[in-house]
Structures are given as structure tokens and as C-alpha cells.
There are 2 protein chains.
Amino acid sequence: MSQRTDEALIAMRQISRATASDSRALAKASALSVSQLIALQEINRARAISPSKLATKMSLSRGTMTTLMNKLEARNLVRREADTIDKRRWYFSLTETGQKMIEQAPRMLHEEFSEKFAQLQQWEQAQIISALERIVAMLDAEDIDAAPILDTQEIT
Amino acid sequence: MSQRTDEALIAMRQISRATASDSRALAKASALSVSQLIALQEINRARAISPSKLATKMSLSRGTMTTLMNKLEARNLVRREADTIDKRRWYFSLTETGQKMIEQAPRMLHEEFSEKFAQLQQWEQAQIISALERIVAMLDAEDIDAAPILDTQEIT
DNA sequence: CGGGTTCGTTTGATTTTCAAACCAAATGCC
DNA sequence: GGCATTTGGTTTGAAAATCAAACGAACCCG
């Protein structure tokens, strides 16, 4: 492997480790388990999502997802809605409390980053963004965030 | 917050989510828990590290670290060495088995990335690396990887 | 020496997670 | 239409991960 590739990989690992440990701390700060935090974020992203989908997305089993959702529901962070078409199915979305939870959760690392980033020259910002987007593309991660659109299959 | 900052943040979250879910899958593939995997990586990085340090690094309690290390030791993935100076202290390092474990663990995502990255023009690579390094700096993550140097305080 | 701190372990309990069995709804096939 | 199969979610029972608190041994410092 080329030395350049190495450099890039090292930087990426540093970034991902930094953010990972950030999210651990974040979970702790908001009295959530890491899974719960991730679940909330994921639900927020999808706006509404079924347990199974969420489970595969988070690589957890369906059973685990049941208990996870029950906890979040009990704490009034997510709302459970029945699918009108398929009666086996649920959809979970965030309650306002849940919204607030992840919004005002101190985005410590990202906050700090934002400040520093904002102080860069325009051209520097542009350069960094384009590099980041190249990376996202190379990771095939473009559609991870997708857009605030319902994460379900079309209705036929 | 500026729109540009937003773009950068979105890209970064995509990257970190992609790598996070990668590491979950990775752990599963190598029959390790996520914590165990991270611990191995962390030990590898530091070459040798004490349980407490590792615990704070991973934001786990010392008690948890004890059981975690016992498991890894039982599976012969890490080696426990006594500190000659401070007799309370242990140092953990990877055994050859442990080395192999994390080396040949399919670096799925990163592998794929490497391939694509290697195909870029030199100047593109350079640009991406410099952007990444700016980010690392802004995240104060420069010394996360530090270098393969013993991770202890100087001996006085 | 002696009080305070640090390192790692133990203990007992809680939480997370899983696999397997299960039910109900949907789908497919004849 | 009816029967077998698949799919979405829950339950159950057990294993693994984690924690807080208490502990002993080693260290530190006055």
C-alpha cells in the first residue's frame, strides 16, 4: 500500500476514533446507552422507520430492537404508530422530547469543529468540503443521510 | 451556522457513521465484542498500555476493564506484563495471535477506500490528505495515534 | 511512620444482547 | 379459496457487558 494511502487512512482513523469516543461521552452525558443514542439519531434521520429496518441498520437483532424501542417509548422519546396497510408493522418517530434530546445534546466535538471551520478562508472551506465529499463517495456513503424522506418502500 | 459548515458536518457524520457501522460488522465477523475490538486496536496503537489508561481512553470503568482484559488474555490475544517499578501496575500488549487478529481482520471499508484512493491523481490525493489533516487538527485529534511509543509517563 | 491517593480486583446488581420459539399478518402457489 | 411459506414483531431464557461501591496492596508525601 502506498505511503499516501496510509496517510489518508491514518487521518481517517483519527477522525473516526475521535468522533466515536465523542459519541460515547455524549451518550453518557445524556443518560442514554450508545445504542439508544444511535437509534434516536437514526430515527431522526429517517423521520419514521420500522424496527426491523432499524435493527439491520444498526446490526442488532429484532429482539433487541423490541426492548430498545420499549425503553425509548417508556421514556417518551419515541412515538409508535401503526402502519395502516400492513398490520404487523410499526413506525417509530421522535417525540418532541426526543427531538430536543438529540438537538440540545451537547454536540461537543462538532461544535468545536464548527467554530474553527467557520474561521477558515472561503477557499479553504471549499477545498475541505470537496475533499470530504470525495471521501464520502469513495466510502459509498452518499446515501446514508439521504434526506428527510420516509425510509420505506413505495406503496404499490 | 453557515451553510458551508453544515455541508462539512454532514459529510463528516456520513463518514463517521459509515466507519462506525463498519466496525460493528467487523467485530461480529471476528467474533469479538465491539469493546474487545476497540481495546485490541487501542493496545496495538500504544504497543503497551495499563488497564486504567485504556479504561479512560475507552470511557469504561476500571472494573469493566478487568473483566475485558481477562477475556482477551484467556483467548491469548493480549499478554500481561508486570511493571518493574510500580508493582500495582500491569501492561498489556498484543500477542502474535492478537496482532494477526486485527491485521487480517477484513478491513472491508478501508480496503475498498484504499483501492479507490490509490487510483486518484497524485494532486488529488495530496489535496485530500491535506484537507483531512486540517480536520484532524481542528478536532484536536492529532495526538490520538501518537506513534508507536510507550504510552507512559517518563521515568524519573 | 501515617494519612491520603492510585491501581487493579472483587462483588452484586443492572442493562444489553442474543438465539430460538412463537404468533399474527401477508404472500405465493396450486 | 385454501394451504405452505415468508415476514414483522414479541416473548423467553440465558449469556455477556457494564457499573458503582467496597476492598487490598502499593505508592507518595509530609
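It should be emphasised that the depicted structure is a prediction, and the values quoted were computed from it without experimental measurement. Just so we're on the same page: letters track the sequence lines, and every chain starts at 1.
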Is A:E96 paired with A:K100 through a side-chain N to carboxylate O contact shorter than 4.0 Å? no
Taking for B:R88 and for A:L60 the nucleotide of DNA chain C with the nearest heavy atom, the one nearer the 5' end belongs to B:R88
Can you list everything that forms a side-chain contact (heavy atoms from CB on, under 4.5 Å) with B:A27? Sequence neighbours excluded, please. B:V34, B:L37
Please list all pairs meeting ring-ring contact (aromatic ring centres under 6.0 Å, His included) that have one or both residues in residues 117-139 of chain A, counting only residues at least two apart or in different chains. A:F113-A:F117
Contact residues, residues 66-79 of chain B to DNA chain C [heavy atom, < 4.0 Å]: B:T66
Let me check the geometry of the helix from C:dC1-D:dG30 to C:dC30-D:dG1. What is the bend angle between the axes at its two ends, five pairs each, to 10°? 30°
Sequence neighbours excluded, the answer for side-chain contact (heavy atoms from CB on, under 4.5 Å) partners of A:T95 is A:N76, A:R79, A:T97
Identify the 5'-most and 3'-most nucleotides of DNA chain C with at least one atom closer than 4.0 Å to a non-hydrogen atom of chain A. C:dT15 to C:dA26
Closest heavy-atom pair, A:P51 versus A:M65, reported as atoms and distance to 0.1 Å, is O-CG, 3.4 Å
side-chain contact (heavy atoms from CB on, under 4.5 Å) partners of A:T64, counting only residues at least two apart: A:L60, A:S61
Sequence neighbours excluded, which residues qualify as side-chain contact (heavy atoms from CB on, under 4.5 Å) partners of A:S59? B:R24, B:K28
Residue list, salt bridge (Lys or Arg N to Asp or Glu O under 4.0 Å) with B:E115, at least two apart or on another chain: none
Taking any atom under 4.0 angstrom from a heavy atom of chain A, which nucleotides of DNA chain D are the first and last to qualify, 5' to 3'? D:dT7 to D:dC19
Filter on salt bridge (charged side-chain N to carboxylate O under 4.0 Å, His left out), then keep only pairs touching residues 65-78 of chain B, sequence neighbours left out; what's left? B:E73-B:R80
Mapping B:R62 and A:K87 to their closest nucleotides on DNA chain C, which lands nearer the 5' end? B:R62
Residue list, ring-ring contact (aromatic ring centres under 6.0 Å, His included) with B:F92, at least two apart or on another chain: none
Under-4.0 Å salt bridge between A:R45 and A:E42: yes
Under the side chain to side chain contact (heavy atoms under 4.5 Å, CB included) rule, what do B:D83 and B:Y91 come out as? Steps first, then yes or no, please. CA-CA 7 Å; B:D83 185 341; B:Y91 284 108; 3.4 Å; yes
List the steps and the verdict of side chain to side chain contact (heavy atoms under 4.5 Å, CB included) for B:L77 and B:L94. CA-CA 6 Å; B:L77 297 173; B:L94 293 191; 5.9 Å; no
